[in-house]
Amino acid sequence: MSKSRLQPPRGTRDFYPEDLRRRDWLFGHFRAVARRFGFEEVDAPILEHEGLFTRKAGEEILEQLYRFELHDRRLALRPEMTPSIARMVIARAGSLRLPLRWFTVTQNWRYERMTRGRKREHYQWNMDIWGEPAVTAEAELIAAVFALLDAVGLARPDVRVRISSRALLEETLVQGTVLRDRPEAFPALCVAIDKFERIGEDGVRELLTDPDGSVGIGEADASFVVSWLGLRKLEDSAEHVPAGSPAYADLRRLFELLDAYGLADRVVFDASIVRGLAYYTGIVFEAFDAARSLRALCGGGRYDRLLESLGGPSIPAVGFGFGDVVILELLSDRERLPECPRRLDAVVFALGEAERPSAIRIATALRRERNWSVELVLGASRLKRVLADADRAGARFLYLLGPEEAARGEVLVRDLESGEQTTEPISD
RNA sequence: GUGGGCGUAGCUCAGUCGGUUAGAGCGCCAGGUUGUGGCCCUGGAGGUCGGGGGUUCAAUUCCCCUCGCUCACCCCA
């Protein structure tokens, strides 16, 4: 009882200094890449009104919502970032200059069963572009994903992005026979076929044809949808899609653009990618390790109607979420996790209490004037011990102040890497 | 939710076919004299062997229950 209370709840993590240094290393790359692409960072509360997340397309994400009621208010921990950002965009829609490039690095919560690469609390890097209807936005985002993968040291062939388009499927189904009479069933159909890899062909068929389900199409139509998921070449879809399909042209254009980014060999068309969230409307994509030994590293797509559905203006948008858990697993598998040792510029040590005021002045000056990270030895300690600790803390210099130095108005500066010792005058 | 694996020192783990004071490595602390680190040497602290119950002369070891961790499946990102 008392012992289990001392453990973090299941699916959550404590971050000790060494863990946090590694996390900062990863987040540092998230932020650096986003800034390199001209994105600005934003943040929002981890707590939102439950209603911001509730949609009706059978998405599993809603069953996994951490929700509670407090003083008659129904609240939830954010399971993903997009709705919060959408809320922020709506609030200032009138004054925002589009296209808008925003990114976040946030903690998100989903109550789900644990497996490798999946936790209940995780961090997610999010990049979104608001107000750009062209696939130039998708291309830029996918390029950012690869920039991150390069930055953290993953070999180029290690990760592949699979791309598809809900719009392509939607056009095909609505202008064809399958959903001609009920285009509103499309989001639910996407949620159903997103389960393809898990429940297989028969499972999807069952979901699609269930007369009491939210899709309810016929056997032949379900067969068409299932066969569609098997497409791995964009050209192969051509015979099914309507003539002059804008979605088809968009995909073609996206692959051309990605070629210009030098990413042609790292992206593939894959019709089985649809994503589990109901709000996607156009291009969707997911990144996987080439061996497919892990879950998706990231996923994203276009959601041109989300803002409207939340009661805001119509602003097209595209974005992705990139979790911290799977990438760290992959880096660990590939032995690409960096050491991230502790770093300190200096340790300042007064040999006796008489020298302490001077030591304090030295530490203060180093912190203030050189902006150094300085550890001041607080208690009485033997020099031997101080040196060993300074070494372990990754300190560059030891500032040693004893009676001899104090008498000369100096401080001894030992370079802990070279062992070289010099003196600096004490200036106050 | 189903099934497997595992819970022994702060960490990683050995071990006990049931039997004296339960071990190692790393880490931690102290020392190898007086103001010089990383190496080495010596010593030390630290464990109700996850918890409860049962079998037994005797349980960390066997059995049952329980809690926790973990992996896979299920399901989702």
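Note on naming: letters A, B, ... go to the chains in the order of the sequence lines (proteins, then strands), and numbering restarts at 1 for each one. The figures here come from the full heavy-atom set of this structure, side chains too, leaving out hydrogens, waters and symmetry mates.
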request  = For B/A24 and B/C63, measure between their C1' atoms and round to the nearest Å.
outcome  = 31 Å
request  = Go through B/A30, B/G35, B/G38 for me and flag the one nearest to the A/Leu412 side chain.
outcome  = B/G35
query = Roughly how far apart, to the nearest Å, are B/C74 and B/A9 at atom C1'?
reply = 38 Å
task = By nearest nucleotide on RNA chain B, pick out whichever of A/Gly11 and A/Gly323 is the more 5' one.
result = A/Gly11
Rounded P spacing from B/C62 to B/C71 in Å = 25 Å
task = Taking A/Arg356 for its side chain and A/Leu378 for its backbone only, find out whether a donor-acceptor pair lies under 3.5 Å.
result = yes
ask   = Over how many whole Å does the gap from A/Arg120 atom CZ to B/C69 atom P extend?
value = 9 Å
remark   = Against the side chain of A/Arg118, the closest entry in B/U36, B/C76, B/A30 is B/C76
query = Within this structure, what is the CG-to-P distance between A/Asp415 and B/G38, rounded to whole angstrom?
reply = 17 Å
Integer angstrom distance from the C1' of B/A45 to that of B/G19 = 28 Å
message = Any donor-acceptor pair, under 3.5 Å, between the side chain of A/Glu405 and the base of B/G35, if you only look at N and O atoms?
response = yes
query = How close or far is atom C1' of B/A77 from atom CD of A/Gln124, stated in whole angstroms?
reply = 7 Å
ask   = Looking only at atom P, what distance separates B/C39 and B/G3, rounded to whole Å?
value = 50 Å
task = Take the protein atom CG of A/Leu416 and the nucleotide atom C1' of B/G35, then report the distance between them rounded to whole Å.
result = 15 Å
request  = Using Watson-Crick or G-U wobble geometry with both distances below 3.5 Å, tell me the partner of B/A59, or none.
outcome  = none
request  = Write down the distance separating the C1' atoms in B/C69 and B/G50, rounded off to the nearest Å.
outcome  = 10 Å
ask   = P atom, B/U48 versus B/G37: distance in rounded Å?
value = 37 Å
query = When rounded to the nearest 0.5 angstrom, what distance separates CH2 in A/Trp372 from CG in A/Leu344?
reply = 10.5 Å
NZ or CZ of A/Arg166 within 45° of A/Tyr280 ring axis and under 6.0 Å = no
query = What is the distance from OH of A/Tyr16 to P of B/C11, rounded to the nearest Å?
reply = 9 Å
query = Taking atom C1' of B/C76 as reference, at what distance in whole Å does atom CG of A/Leu65 sit?
reply = 14 Å
request  = Determine which nucleotide pairs with B/A30, using a 3.5 Å limit on both distances of a Watson-Crick or G-U wobble pair.
outcome  = B/U42
query = Between B/A77 atom P and A/Arg162 atom CZ, what is the distance in whole Å?
reply = 17 Å
Under-4.0 Å side-chain N/O to phosphate OP1/OP2 contact, A/Arg110 with B/C75 = no
inquiry  = Using OP1 and OP2 only, check whether a side-chain N or O of A/Arg275 sits under 4.0 Å from B/C76.
reply    = no
ask   = From B/G37, B/U34, B/A77, pick the nucleotide closest to the side chain of A/Lys384?
value = B/G37
query = With a non-hydrogen cut-off below 4.0 angstrom, is A/Gly419 in contact with a base, only sugar-phosphate, or nothing?
reply = base
request  = Quick one: label A/Arg382 by what it contacts on the DNA or RNA (base, sugar-phosphate, nothing), any heavy atom closer than 4.0 Å.
outcome  = sugar-phosphate
remark   = In whole angstroms, the gap separating P of B/C71 from NZ of A/Lys119 amounts to 7 Å
request  = Check every strand shown and say whether A/Leu400 touches a base, only sugar-phosphate, or nothing at a heavy-atom separation below 4.0 Å.
outcome  = base
key: Passing option when A/Tyr123 is tested against A/Phe27, A/Phe30, A/Phe322 for side-chain contact (heavy atoms from CB on, under 4.5 Å)   = A/Phe27
request  = For the side chain of A/Ala388, starting at C-beta, report the closest nucleotide among B/G37, B/G32, B/G35.
outcome  = B/G37
key: A/Glu420 backbone acceptor or donor facing A/Asp415 side chain under 3.5 Å   = no
Candidate nucleotides B/C76, B/G38, B/C29, ranked by approach to the side chain of A/Arg295 - the nearest = B/C76
task = Determine the interatomic distance between P on B/G53 and the same-named atom on B/G43; round to the nearest Å.
result = 40 Å
ask   = A/Tyr303 pairs by side-chain contact (heavy atoms from CB on, under 4.5 Å) with which of A/Asp128, A/Val284, A/Leu277?
value = A/Asp128
request  = Quick one: look up who B/G3 pairs with, Watson-Crick or G-U, both distances under 3.5 Å, and put none if it's unpaired.
outcome  = B/C71
Check: B/G37 base within 3.5 Å donor-acceptor of A/Arg385 side chain = no
query = Between the main-chain N or O of A/Asp304 and the side-chain N or O of A/Thr281, is there a donor-acceptor pair closer than 3.5 Å?
reply = yes
